Trainee: 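Take a look at this one; I'll ask things after.
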Amino acid sequence: MPELPEVETTRRGIAPYLEKATILDAEIRQFSLRWPIEQNLANILKNQTVSTVQRRAKYLLINCDTGILIIHLGMSGSLRIVDAALAPPPEKHDHVDIILNNGFMLRYTDPRRFGAILWTEQTIEDHKLFSHLGPEPLTQQFDANYLLTQAKSRKCSIKTLIMNGQIVVGVGNIYASESLFLAKVHPKTSANKLNKQQANQLVEAIKVILDKAILAGGTSLKDFTKSDGKPGYFSQELNVYGRKGETCFHCGNTIEHYKETQRATYYCPVCQQI
DNA sequence: CTGTTCTCCTGTGGGC
DNA sequence: TGCCCACAGGAGAACA
């Protein structure tokens, strides 16, 4: 389940192979992802040279001559670089290969097909998937004042708020629970009841957790072409997520669990008071 | 606008 | 032991 750090790690892993390379061809074996892949995509991509690989929220943006290839990994997607001469035959869920002129190919794999591969000739700011997105969590724009301002007029819980991409992007279900634990904020706290200190702690916690995960991802980068495309940092220790009934590392009490908007939420009822 | 529910999909794991 | 089915989840779409 790629969260923002995994997407960023993927970006850093694939960028050196893609930037300045020219796309020779694309082999699309499965068009049915979250949205159908454009039928003509292989033709569009042919002879395009990649300038840069960027990330916005959890989307990867592969900038080409005449447009942008947008890739989202969804729940189970991954990208890896494969030496074209040694490429193993595609397996069941290897849906797309993008073949480069430098001897490598970019292979997209996604068992659950929640991901997306889109082509746009719009600028990202104008694209409807991006035009309403909030700031990146690791920028200065995302600070306690900003969060407080946004929270003030909202009746939803603070957990729902930080997972709302219009408020801030890139905080998925796992890191939402983890950052609320670190900030000692109860996930059910009404957004409009958040105080200054809590906002400070929460913003800090989100940044620390994402930073740490990206850093951990970097250590597995050297194996990027050999791995299955899943950087191994995800094993980083989780304090509450998935630990229902287990002991809080901080206070020793029992981690609790409930569902909100169909999503599992984990917290320590002692460390995180409303 | 806001908030909530639905939806896509398949590998995993809990329960019997 | 083996089978079956509920569950998990990112995030846009649809709906209230």
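Just so we're clear, the structure is a prediction, and the values are computed from it rather than from any experiment.
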Trainee: Mind calculating the distance between CG (L129(A)) and P (dA11(C)) to the nearest angstrom?
Mentor: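 The answer, rounded to whole Å, is 11 Å.
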
Trainee: With nearest nucleotides of DNA chain B determined for C156(A) and R263(A) from heavy-atom distances, which residue corresponds to the more 5′ nucleotide?
Mentor: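 The answer here is C156(A).
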
Trainee: Quick one: which of dC7(C), dG3(B), dT5(B) gets closest to the side chain of K259(A)?
Mentor: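 The nucleotide sitting nearest to the side chain is dC7(C).
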
Trainee: Let me know, please, whether S157(A) or F114(A) comes out on the 5' side of the other along DNA chain B by nearest nucleotide.
Mentor: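 Going by which nucleotide is closer to the 5' end, it is S157(A).
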
Trainee: Could you state the atom-to-atom distance from CD1 of I167(A) to P of dC1(B) in whole Å?
Mentor: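 Taking CD1 of I167(A) and P of dC1(B), I get 14 Å after rounding.
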
Trainee: Regarding R263(A) and E260(A), does a basic nitrogen lie under 4.0 Å from an acidic carboxylate oxygen?
Mentor: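 Answer for the salt bridge query: no.
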
Trainee: Between H93(A) and dG11(B), is there a side-chain N or O to OP1/OP2 distance below 4.0 Å?
Mentor: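 True: H93(A) side-chain N/O within range (under 4.0 Å) of dG11(B) OP1/OP2.
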
Trainee: Under 3.5 Å for both donor-acceptor distances, Watson-Crick or wobble: does dC1(B) have a partner, and if so which one?
Mentor: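 By the stated definition (distances under 3.5 Å), nothing pairs with dC1(B).
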
Trainee: For dA8(C), does either OP1 or OP2 sit under 4.0 Å from a side-chain N or O belonging to Y266(A)?
Mentor: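 Checking dA8(C) against Y266(A), no side-chain N or O comes under 4.0 Å of OP1 or OP2.
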
Trainee: Under 4.0 Å between a Lys/Arg side-chain N and an Asp/Glu carboxylate O for E136(A) and R56(A)?
Mentor: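 Looking at R56(A) together with E136(A), the answer is yes, because their closest N to O distance falls below 4.0 Å.
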
Trainee: Reckon K128(A) has a side-chain N or O less than 4.0 Å from the OP1 or OP2 of dA13(C)?
Mentor: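 Indeed, a polar side-chain atom of K128(A) lies that close.
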
Trainee: Check every strand shown and say whether L73(A) touches a base, only sugar-phosphate, or nothing at a heavy-atom separation below 4.0 Å.
Mentor: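 The residue L73(A) makes no contact with any strand.
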
Trainee: Between dA13(C) atom P and N164(A) atom CG, what is the distance in whole Å?
Mentor: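 That distance rounds to 14 Å.
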
Trainee: Near Q197(A) CD, under 6.0 Å, is it more than 12 heavy atoms from other residues, nucleotides or ligands?
Mentor: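 Open: at most 12 neighbouring heavy atoms sit under 6.0 Å from CD of Q197(A).
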
Trainee: Provide, to the nearest angstrom, the distance between the NZ atom belonging to K155(A) and the C1' atom belonging to dC1(B).
Mentor: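 Those two atoms, NZ and C1', are 12 Å apart.
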
Trainee: Counting any heavy atom closer than 4.0 Å, what does R154(A) reach on the DNA or RNA strands: base, sugar-phosphate only, or nothing?
Mentor: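 Sugar-phosphate, no base atom in range.
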
Trainee: Quickly work out the R34(A) CZ to dT7(B) P distance and round it to whole Å.
Mentor: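 It works out to 14 Å between those atoms.
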
Trainee: Looking at the side chain of R112(A), which of dG10(C), dC7(C), dG11(B) is the nearest nucleotide?
Mentor: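 Between dG10(C), dC7(C), dG11(B), the one nearest the side chain of R112(A) would be dG11(B).
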
Trainee: Considering only dG11(B), dT10(B), dA8(C), which nucleotide approaches the side chain of R113(A) most closely?
Mentor: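 From the listed options, dT10(B) comes nearest.
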
Trainee: Just N and O in the side chain of K92(A): are any of them under 4.0 Å from OP1 or OP2 of dG11(B)?
Mentor: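 Answer is yes, contact under 4.0 Å.
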
Trainee: Expressed in angstrom and rounded to an integer, what is the separation of Y175(A) atom OH from dA11(C) atom P?
Mentor: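 Checked: the OH to P distance equals 14 Å.
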
Trainee: Using the six-membered ring wherever Trp is involved, compare the ring planes of H95(A) and Y108(A) and label them parallel, tilted or perpendicular (cut-offs 30° and 60°).
Mentor: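 H95(A) vs Y108(A) ring planes: tilted.
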
Trainee: Please confirm whether the shortest side-chain N or O distance from H72(A) to OP1 or OP2 of dG10(C) is below 4.0 Å.
Mentor: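 No, outside the criterion.
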
Trainee: Rounded to whole angstroms, how far apart are CD on Q262(A) and P on dG10(C)?
Mentor: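 Spelled out: CD on Q262(A) to P on dG10(C) is 13 Å.
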
Trainee: For the residue pair T66(A) and Q48(A), confirm or rule out a side-chain donor-acceptor distance under 3.5 Å.
Mentor: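 Yes, Q48(A) and T66(A) have a side-chain donor paired with an acceptor closer than 3.5 Å.
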
Trainee: In terms of side-chain geometry, is the basic nitrogen of K207(A) or D143(A) positioned less than 4.0 Å from the acidic oxygen of its partner?
Mentor: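 D143(A) and K207(A): not salt-bridged.
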
Trainee: What is the distance from CG of N173(A) to P of dA11(C), rounded to the nearest Å?
Mentor: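 Checked: the CG to P distance equals 11 Å.
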
